[in-house]
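This report concerns only the one structure given below.
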Amino acid sequence: MTFNELGLDHELLKAIETLGFVQPSPIQEKAIPVLLSGERDFVGLAQTGTGKTAAFGLPLLQQLDIFNPTVQGIILCPTRELCMQITKDLQVFAKYKGAVHIVPVYGGVSISNQIRDLKRGAHIVVATPGRLLDHIERGTIKLNTVRFAILDEADEMLNMGFQDDINDILSQTTKDKHVWLFSATMPKEVEQIARKYMNNPERITIGKVNATAENLEHQFCVVSAKDMNKVLARFIDYYPEMYGILFCRTKRDTQELANKLMKDGYNVDALHGDLSQQQRDTVMNRFRTRNIQMLIATDVAARGIDVNDVTHVLHLNLPDDSENYTHRSGRTARAGKSGISLVIINSRETGKLRSLEGRIGKKFKKVMVPTGKEICEKQLFSLIDSINNAEVDEAAVATYMHKVFTEFEKFSKEELIKRLISVEFNRYLKLYGKAPDLNLSDSGKNGDRRDKREGTQDRSEVSNELFINVGAMDVNDKSGFLAFLCDVSGVSGRDIGRINLKDSYSFFGVEDVEAANKIIKSLNGEEIEGRKIRVEFSGGAGSGNSGNSNNKGGGGFKSKGRGFDKSKQRSGGRDFNRSSGTKKNYSRGR
Ligand code: AMP
């Protein structure tokens, strides 16, 4: 099928041709004819990067009356990034259509410039929900003339807490408008919006719902929590051409990891919610222009990142739910390109990984952490490649060649090549010449070649489960709990394993003995909601501390013997009642 056959008008076809789009993508092929008819509500399930913007943008532009200066289309999207991207794409599509006014409105910037732009007239408003409501309340945008309301990345908007705003907005539009909803996944909240505001919508699914792109390879490797940073550095070194995004669970982890890698000479930077908008823009620009090889981001900060050609999405530990995973990995393998999504997990997460496989309907392929030798080889060949492919500016170097030849006269060809290679290669030899194997088996056992000196037990084989008298009544959810633990104790989110959140208490795994002791030390005796916090080793079957005489973790292990009675807790044997009515919002820490 060609764009010509979809029913698009001459001006739009001309713009598409200028863009170099030869063939419609599957979502465009299916959505454009339906949306051009202007008669149906529409639900399109497709991943990011599949060409959704053109799928709704072209039919919207074709149905605009540009001589009517009122707002005829609103496009809601989750982030400022995406808002700007959609506006830019639509402006390009509308290039031959005359004066189409497309105005982006998003939060985090002064509203007065947006009011000025709106006053000049807008046919289409592209908006983040909160800021659109702000404009509606000020009377600077009126929705009574809107004929098309488009929700892009609906699941992301709901994930980000925009449900009420979207309801508010849609309930203010007229009955005879059409709603076009696009989403990568179809959780029940999105289904509710479809049921409430749409009239017998045409539904189109591209690929498998809640799944990820076909050309995306899902990989995992199992390592000890304490080795995660080293493992990550190895993967970066093993893929010199990597252009990636790495996801961490908390802002603190994100920044700490970025600092560490930058210090070690890696070309990375952090993107998280503690940065100012200006700082985030700077980081994003550097990433887009490839001045940064890898962005280290939290889920929230990375929402709506729309950068093509990302080769790898890496995850330090698994995200909290499968939809987050889908969104994270959807940042690569865009627009028909291939990509790798690699999760670096500890042995306790293998169960969670299996359940993720079930939910997304994809198998993860086990990969090994590259050995030092493999990295050295890869780097060597990459170096040879760059020498082979180097462009030589004959005129520029000619001036210096005589002197260069004189300097190198004393070397044979072999000697000169060896030296040339060593200039770059020595760094990797030094780093990896004697590096140990960092692989663990799925059950947490070390790789074959691991250095087992001193007979010490690898910490990752020790399973530490802690009990704490803080639960769902104190924090919003598991993320909030994690943020609370990290904030108060100062440990990294990566040290925290599975969280079992009960109402008034919780159990959680801690990968590292030192981290467990740090948590016990820093949290015991602190207060939450007027109660004294109590945290200790759970003493249950999950605890691997008993009798571990090699353990260098210090006094913390003794607490195992304190005989905390889990069953008593579970049966409510102690009074963990809340002393105050307010739930502490710890979910913001992510
Ligand atoms: P989107 O999902 O709209 O963000 O599009 C992802 C990328 O694919 C963007 O860079 C688009 O410019 C590009 N794209 C969209 N449609 C096509 C097409 N039919 N042919 C080639 N590239 C496309």
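Computed from a predicted model, the values in this text were never measured in an experiment. Counting starts at 1 for both ligands and their atoms, following the listed order.
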Does the N or O separation between G51 and ligand 1 drop below 3.5 Å for any pair?
yes
Applying ring-ring contact (aromatic ring centres under 6.0 Å, His included), which residue pairs with at least one partner in residues 58-92 are found, sequence neighbours left out?
none
Run the numbers for me: atoms of ligand 1, each under 4.0 Å from some heavy atom of [X], listed by number.
X: T53; value: 1 (P), 3 (O), 4 (O)
X: T50; value: 2 (O)
X: S25; value: 19 (N)
X: Q23; value: 18 (C), 19 (N), 20 (N)

Ring center gap for Y325 and H218 short of 6.0 angstrom:
yes
If you define the side chain from C-beta out and look only at heavy atoms, does anything of L151 sit under 4.5 Å from I75?
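Of all side-chain heavy-atom pairs linking I75 with L151, none is under 4.5 Å.
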Carefully, step by step, assess Y197 and D41 under the rule side-chain contact (heavy atoms from CB on, under 4.5 Å).
CA-CA 9 Å; Y197 297 102; D41 284 349; over 6 Å; no
Logged contact type for F3 with ligand 1, heavy-atom cut-off 4.0 Å, is side chain
Under 4.0 Å, heavy-atom basis, I'd like to know which part of D89 is in contact with ligand 1: side chain, backbone, both or neither.
neither
Distance to the ring centre below 6.0 angstrom and angle to the axis at most 45 degrees; does that hold for K52 and F182?
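Pair K52/F182 does not count as cation-pi.
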Enumerate the residue pairs fulfilling side chain to side chain donor-acceptor pair (under 3.5 Å) with a member in residues 99-111, sequence neighbours excluded, ordered by first and then second residue.
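Non-adjacent pairs meeting side chain to side chain donor-acceptor pair (under 3.5 Å): S110-S112.
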